[in-house]
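Notes for the one structure printed next.
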Amino acid sequence: MTDKIKLIIADDHHIFRKGILSIVSEDDGIEITGEAANGDDALKLIEEKKPDIAILDIDMPGLSGLDVARKVKSEKLPVKIVILTIHKDKEYFDEALELDIKAYVLKESIANDLIDCIKRVAEGEYYISSAISGYLVEKNKTSPKQTELDKLTNAEKEILKLIAQNKTSAQIADELFRSVRTIENHRNNICNKLGLKGPHALLLYAIQHKSVF
């Protein structure tokens with residue numbers, strides 16, 4: 001039997017928190033090990049319960065979701081952070097990326113995104129709400145230099161296009177009838193050719209430039 005994904009939820013709005021609990025409880029592979037109404041209690045739960053994933057509202061009394069993420073990073077706590085937010089502001093998003101947050105989910109999208117997000121994050125993938133993906137494209141309508149794309153093989157361009165669709169390496173491997181290891185090698189090669197560094201860099205590049213692939 002596969003171990004359940006253990007998570008805690010922190011949001012200062014009781015009704016919204018219960019809504020998250022309702023969505024998550026529909027999946028038998030996920031177990032809620034605690035909930036909090038503020039960042040300070042969320043950090044205590046992370047330290048005590050040692051969940052796989054912590055779902056944190058970005059705006060909470062005391063420590064914000066980003067504050068908690070910052071402490072998790074500095075203390076090297078073994079938990080993956082998912083940020084929930086109403087904000088589409090680039091400054092919040094950029095700060096989240098700097099803290100190596102695994103997922104950035106808009107509250108307006110949780111009914112459709114949350115379960116998929118949790119499962120991807122549990123598998124070590126990164127996740128960005130499709131709503132924020134569209135926003136990023138609108139805010140970053142910059143075309144890559146043709147010389148950049150010329151560096152990529154046709155196979156790499158095809159993989160980049162699928163990455164822009166927020167697909168995991170496993171999903172891409174299934175679609176292209178390749179092994180996951182082969183896809184990961186292609187991803188590394190693309191990053192090297194385009195000079196991309198950081199865990200989110202390839203995903204962001206693909207999303208921001210998907211109109212030209």
Side-chain angles (χ1 to χ4, degrees), residues 2 4-37 42 51-60 64-66 69 79-90 92-97 99-140 159-175 199-200 202-211 213:
T2 304
K4 291 187 176 184
I5 301 167
K6 294 180 173 59
L7 60 85
I8 65 146
I9 297 170
D11 192 292
D12 59 319
H13 294 95
H14 175 77
I15 294 176
F16 190 82
R17 196 166 68 247
K18 293 305 178 186
I20 298 172
L21 288 168
S22 177
I23 292 170
V24 171
S25 64
E26 294 177 2
D27 194 293
D28 293 335
I30 302 171
E31 178 184 350
I32 310 295
T33 60
E35 57 177 294
D52 301 305
I53 297 172
I55 299 177
L56 309 174
D57 182 15
I58 202 169
D59 297 311
M60 291 187 289
S64 71
L66 293 179
V79 61
K80 299 177 177 71
I81 301 294
V82 171
I83 286 290
L84 292 180
T85 182
I86 60 171
H87 300 293
K88 292 182 180 179
D89 305 64
K90 191 174 185 297
Y92 285 104
F93 184 74
D94 288 345
E95 186 174 357
L97 297 192
L99 294 171
D100 194 26
I101 283 163
K102 298 297 181 183
Y104 196 86
V105 180
L106 291 179
K107 286 189 171 184
E108 66 191 51
S109 307
I110 65 165
N112 297 319
D113 291 358
L114 194 56
I115 296 297
D116 186 30
C117 167
I118 290 169
K119 291 185 175 181
R120 289 195 188 196
V121 169
E123 293 173 0
E125 299 279 351
Y126 293 88
Y127 190 90
I128 301 171
S129 275
S130 56
I132 198 73
S133 298
Y135 169 77
L136 284 172
V137 171
E138 288 301 311
K139 294 288 286 184
N140 296 276
I159 289 169
L160 197 59
K161 182 177 180 179
L162 294 173
I163 291 171
Q165 296 171 23
N166 223 353
K167 293 190 175 182
T168 66
S169 292
Q171 290 172 326
I172 295 172
D174 286 342
E175 186 164 333
H200 301 81
L202 181 56
L203 176 58
L204 288 178
Y205 183 93
I207 290 172
Q208 291 171 355
H209 301 107
K210 64 181 179 181
S211 62
F213 300 141

Derivation of the side-chain contact (heavy atoms from CB on, under 4.5 Å) call for C117 and K102 = CA-CA 9 Å; C117 167; K102 298 297 181 183; over 6 Å; no

remark   = Smallest heavy-atom separation, I163 atom then A206 atom, equals CG2-CB, 3.8 Å

ask   = Looking at CD1 of I118 and NZ of K80, how far apart are the two atoms once the value is rounded to the nearest 0.5 Å?
value = 13.0 Å

query = Taking side chain as C-beta onward, heavy atoms only, is Y104 less than 4.5 Å from V82?
reply = no

request  = Could you walk me through whether K18 and E35 pass the side-chain contact (heavy atoms from CB on, under 4.5 Å) test, one step at a time?
outcome  = CA-CA 10 Å; K18 293 305 178 186; E35 57 177 294; 3.2 Å; yes

Heavy-atom check, side chain of E108 versus side chain of L106, under 4.5 Å = yes

key: Atom pair NZ/CD1 of K167 and I159 - distance to nearest 0.5 Å   = 12.5 Å

ask   = Which atom names give the shortest non-hydrogen contact between L99 and L66, and what distance separates them?
value = CD1-O, 3.5 Å

ask   = Taking it one step at a time, do D52 and V79 satisfy side-chain contact (heavy atoms from CB on, under 4.5 Å)?
value = CA-CA 5 Å; D52 301 305; V79 61; over 6 Å; no

ask   = Is the closest basic N to carboxylate O distance between K119 and D27 below 4.0 Å?
value = yes

inquiry  = Can you tell me how far apart OG (S169) and CG (D174) are? Round to the nearest 0.5 Å.
reply    = 11.0 Å

inquiry  = Please find the pair of heavy atoms, one from D57 and one from D12, that lie closest to each other, and give the distance.
reply    = OD2-OD1, 3.2 Å

ask   = Do D11 and K107 meet the salt-bridge criterion of a basic N to acidic O distance under 4.0 Å?
value = yes

request  = Evaluate the side-chain proximity of I172 to T168: yes if any heavy-atom separation is below 4.5 Å, no if none is.
outcome  = no

query = Out of curiosity, S25 OG to I20 CD1, how far, rounded to the nearest 0.5 Å?
reply = 12.0 Å

ask   = Does I55 reach the side chain of I8, with side-chain heavy atoms less than 4.5 Å apart?
value = no

query = Are the side chain of T33 and the backbone N or O of K6 linked by a donor-acceptor pair below 3.5 Å?
reply = no

task = Carefully, step by step, assess E175 and L162 under the rule side-chain contact (heavy atoms from CB on, under 4.5 Å).
result = CA-CA 9 Å; E175 186 164 333; L162 294 173; 3.5 Å; yes

query = Taking all atoms of both residues into account, what is the closest heavy-atom pair of L7 and P51, and its distance?
reply = CA-CB, 3.9 Å

remark   = From the list L21, I110, I9, side-chain contact (heavy atoms from CB on, under 4.5 Å) with F16 holds only for I110

ask   = Which distance, rounded to the nearest 0.5 Å, do you find between the CD1 of I32 and the NZ of K4?
value = 10.5 Å

request  = Return the minimal non-hydrogen interatomic distance between I101 and Y126, and the atom names on each side.
outcome  = O-CD2, 3.9 Å

query = Roughly how far, to the nearest 0.5 Å, is the NE2 atom of H13 from the CG atom of D59?
reply = 9.0 Å

inquiry  = Using every non-hydrogen atom in the two residues, find where V121 and I53 come nearest and quote the distance to one decimal.
reply    = CG1-CD1, 3.9 Å

